[in-house]
Structures are given as C-alpha cells and as structure tokens.
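Because the structure is predicted, anything quoted here is derived from the model rather than measured. The basis for the numbers below is simple: all heavy atoms, side chains too, and nothing from hydrogens, waters or symmetry mates.
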Amino acid sequence: MAELSGKTALVTGASRGIGAAIARRLGAAGAHVAVNYAGSKDAAETLVAEIIADGGQAFAIQADVGIMAGITSMLAACDMAFGGTPNLDILVNNAGVGGEGDTGSLRKCDEELFDRMIAVNQKAPHFITQLCLDRLRDGGRIVNIGSLGGRSALPPFAAYAATKRALQSLTMSTAVVVGPRGITCNLVAPGAVDTEFNKTLSEKPGWAEATSKLTPMKRLGVPEDIAGAVMMLCRDEAHWVTGQIVEASGGLFL
Ligand SMILES: NC(=O)c1ccc[n+]([C@@H]2O[C@H](COP(=O)([O-])OP(=O)(O)OC[C@H]3O[C@@H](n4cnc5c(N)ncnc54)[C@H](OP(=O)(O)O)[C@@H]3O)[C@@H](O)[C@H]2O)c1
C-alpha cells in the first residue's frame, strides 16, 4: 500500500514550480491532493489529470490565498471533497510571491508590492493554518515553504525576505499549538530553485553558473529537490521533528 494512502493533503500554489512538484509527490505516495492555484487554470488541471492518470486522486481549486474570501472558499471546496471534519492530514503552505528583479529591495519596494508579499507569503499561511486547526486530524503535518532569504541579509529582496523570516516565527508558534495532538509543523527553506519565480534572475547572464558555483552541490535546485524534503517531513518517521527549519538548498550559504 502507498505510504500516504487514505490521507488528504492541501498544497497552496500548486499549479507550477515547487508546489506542483510537492502535489505530484504527495499524490504519487497515495494522498488525495487538493491543488490550489490562483491564475494558472490549465497548468493546475493538467497536473490533476497527471496525478489521476498515475493512479492517484486530486482536484484543482482556484483561490487567491492573499485574501480571506479566497482562503475560506478554498477550504470550503476541500471540505466538500474530503468530507466531514476533521478531514485534513497534510497542509503545505507553499504559495508565494516575490518582486520582479529588485523591485522588492529595501530602496525600491513600493507599498503595493509590499502589501501583496505580506498578504500571500505571511497573512495567508497564518489564516490558512488558523482555519485548518480544527480540520487537521491528530498526527497530521503542516509544512511551510520558507526561503534561505529568511535567515540571511538579502537587501535586493528585503521585503520578501522579511515575510519568510515571519514564516519561521509562525512555524514555531504553530508547532507549540499543534504538538499536543501529534501534529508537526516545520518549515522547508529552499535555496535557489529553477522555477519561473527566478525568471528575471535566470535571464541575467552568468547568474545560474555563479549561483551553482556557490552551492556545495554545484547546481541550482529543481522543484523535485524541495518536494523530497517535504515528503521526508510527511513520513511517519518524522513524527518527532517539529518547529524546525529544514534547509533544502544543496548547502547554499552554509
Ligand atoms: N524558486 C526559488 O528559488 C525559491 C527559493 C526559496 C523559496 N521559494 C518559495 O517557494 C514557493 C514556491 O515558489 P516557486 O519557485 O514554485 O514559485 P513559482 O514558480 O512562481 O510558482 C508560484 C506558485 O504560487 C501560486 N500563487 C501565487 N500567488 C498565489 C495566490 N495569491 N494564491 C494562490 N496561489 C498563488 C502560483 O499560482 P498561479 O500560477 O496559478 O498564479 C504558482 O502555482 C514560494 O513560497 C517561494 O517563496 C522559492
């Protein structure tokens, strides 16, 4: 029997990139996966079709998690699909936004981008977690997707990095709240991963090579590298690991 057989999972921002790899990995392990997306309907539906074609169970939910109405409608759709409460085993708060180029830097970030990053990267995980507390079954898992930027000085991405630092704090508070029920909450912090998130940077000549050189494992990350770290935390063996920041970075900035 697949190791997550009979379990349910919600992955936010799962239409593309890291979230899509996480949803695919959880689906392949037998979980029934809710694939949340904001705008990429075709990508989300293609992913759901792939998971089902591979023998898994999945469905797509359009919702902007940066607003409360989006969060509540997403969870209502999960309740419909998963059945009565509690109904959730794995929550992955993955959806995230950064700025194009250095638009999120200390010098340039404007109020609109700042508020958007706070809404999607910080407010959404807080309220999704809050509203999932009673939906999560005992022994469940919460995994927040942070960033190496949450621990290092990152002036060109100062506003983004601050939201990821905040997510580290939320992870620890959540771990304390859910611990008595055998639910763990951890944060996976990716380094540089080859996704559209880094489109502007990766178009800069030499950026990928220079970043690979700085990485002890000598390459950029791929979404599956991060999905593997999330899967590790979702396994039974990880039941005693909570409140931790797990860097999945190939050793970048050690
Ligand atoms: N790539 C990296 O190097 C890197 C490094 C460190 C941390 N991270 C973190 O890893 C996570 C995933 O990043 P990625 O590289 O996979 O990014 P990506 O390729 O840009 O994908 C972002 C995903 O988030 C979704 N999303 C964005 N805003 C949303 C919203 N308001 N509501 C619902 N979904 C929303 C997008 O959905 P639509 O396409 O439907 O809009 C998409 O599925 C983020 O939290 C990011 O901060 C990434």
Side-chain angles (χ1 to χ4, degrees), residues 11-26 37-40 43 47 65 92-109 113-114 116-118 120-122 124-125 143-171 186-234 244-254:
V11 185
T12 67
S15 50
R16 299 183 281 116
I18 293 170
I22 294 168
R24 198 177 282 114
R25 186 76 185 79
L26 296 176
Y37 68 98
S40 303
L47 174 63
V65 298
V92 184
N93 284 308
N94 166 78
V97 289
E100 285 291 307
D102 62 353
T103 53
S105 69
L106 182 57
R107 193 171 283 280
K108 292 191 183 162
C109 190
L113 176 60
F114 186 89
R116 186 80 191 135
M117 287 195 278
I118 294 278
V120 179
N121 301 357
Q122 182 179 352
V143 183
N144 295 323
I145 305 301
S147 168
L148 275 197
R151 82 147 147 90
S152 317
L154 218 56
F157 310 100
Y160 168 79
T163 64
K164 294 300 188 176
R165 183 70 162 194
L167 197 52
Q168 295 185 353
S169 172
L170 175 68
T171 300
N186 292 289
L187 178 143
V188 169
V193 185
D194 189 12
T195 68
E196 280 176 50
F197 193 85
N198 289 321
K199 196 168 174 286
T200 316
L201 280 175
S202 59
E203 281 166 357
K204 274 192 182 167
W207 175 80
E209 293 74 13
T211 307
S212 300
K213 232 184 221 172
L214 280 174
T215 305
M217 291 193 173
K218 301 298 171 204
R219 63 170 174 81
L220 291 183
V222 292
E224 291 70 25
D225 294 324
I226 314 308
V230 172
M231 185 63 206
M232 177 177 81
L233 292 167
C234 291
Q244 300 304 303
I245 292 155
V246 178
E247 294 190 353
S249 64
L252 183 61
F253 300 146
L254 277 177

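- A side-chain hydrogen bond (donor to acceptor under 3.5 Å, both in side chains) check over residues 219-228, counting only residues at least two apart or in different chains, returns the pairs R219-D225.
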Trace of the side chain to side chain contact (heavy atoms under 4.5 Å, CB included) decision for I145 with L187: CA-CA 6 Å; I145 305 301; L187 178 143; over 6 Å; no

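- Expressed to the nearest 0.5 Å, how far OG of S147 lies from CG of L167 amounts to 10.0 Å.
- Contact of the I18 side chain with the P190 side chain is registered, since non-hydrogen atoms from C-beta on lie closer than 4.5 Å.
- With sequence neighbours excluded, the residues that form a salt bridge (Lys or Arg N to Asp or Glu O under 4.0 Å) with K199 are E203.
- Note that the CD1 atom of I245 and the CG atom of N186 stand 9.5 Å from one another [nearest 0.5 Å].
- The shortest heavy-atom contact between A161 and G149 is CB-O, 3.2 Å.
- The shortest non-hydrogen separation linking A229 to V188 is CB-CG1, 4.1 Å.
- Under the 3.5 Å distance criterion, the side-chain polar atoms of N94 are matched with a main-chain donor or acceptor of T12.
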Check against side chain to side chain contact (heavy atoms under 4.5 Å, CB included), T195 and V222: CA-CA 8 Å; T195 68; V222 292; over 6 Å; no

Worked check of side chain to side chain contact (heavy atoms under 4.5 Å, CB included) between T171 and Q244: CA-CA 8 Å; T171 300; Q244 300 304 303; over 6 Å; no

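- Between L220 atom CG and D194 atom CG the span is 5.5 Å, to the nearest 0.5 Å.
- Atom CG of residue L233 and atom CE of residue M231 lie 10.5 Å apart, to the nearest 0.5 angstrom.
- The main-chain N or O of G251 is found under 3.5 Å from a side-chain atom of S249 such that the two form a donor-acceptor pair.
- Interatomic distance, CG of N198 versus OG1 of T200, reported as 8.5 Å (0.5 Å rounding).
- In terms of modelled atom types and a separation under 3.5 Å, the side chain of K218 and the main chain of K213 share a donor-acceptor contact.
- For the pair V120 and P125, the tightest heavy-atom approach, listed with the atom from each and the gap, is O-CD, 3.6 Å.
- Nearest heavy atoms, V11 versus G19: CG1-O, 3.7 Å.
- In this structure, A95 and V65 approach most closely via the heavy-atom pair CB-CG2, 3.9 Å.
- With N93 contributing its side chain and V143 its backbone, the two residues share no donor-acceptor pair below 3.5 Å.
- Scored by the ring-ring contact (aromatic ring centres under 6.0 Å, His included) test, F197 finds Y160 as partners (sequence neighbours excluded).
- Residues C109 and M117 have side chains in contact (heavy-atom distance under 4.5 Å, counting atoms from C-beta outward).
- Between the N121 side chain and the T163 main chain, no donor and acceptor come within less than 3.5 Å of each other.
- Residues passing the side-chain contact (heavy atoms from CB on, under 4.5 Å) test with A166, sequence neighbours excluded: Q122.
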Side chain to side chain contact (heavy atoms under 4.5 Å, CB included) assessment of F157 paired with L201: CA-CA 12 Å; F157 310 100; L201 280 175; 4.0 Å; yes

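- Here D102 pairs with S105, K108 under the side-chain contact (heavy atoms from CB on, under 4.5 Å) rule; sequence neighbours left out.
- Here salt bridge (charged side-chain N to carboxylate O under 4.0 Å, His left out) pairs that include residues 144-167, with residues two or more places apart or in two chains, are R151-E247.
- Residue M217 holds its CE atom at 13.5 Å from OG of S212, rounded to the nearest 0.5 Å.
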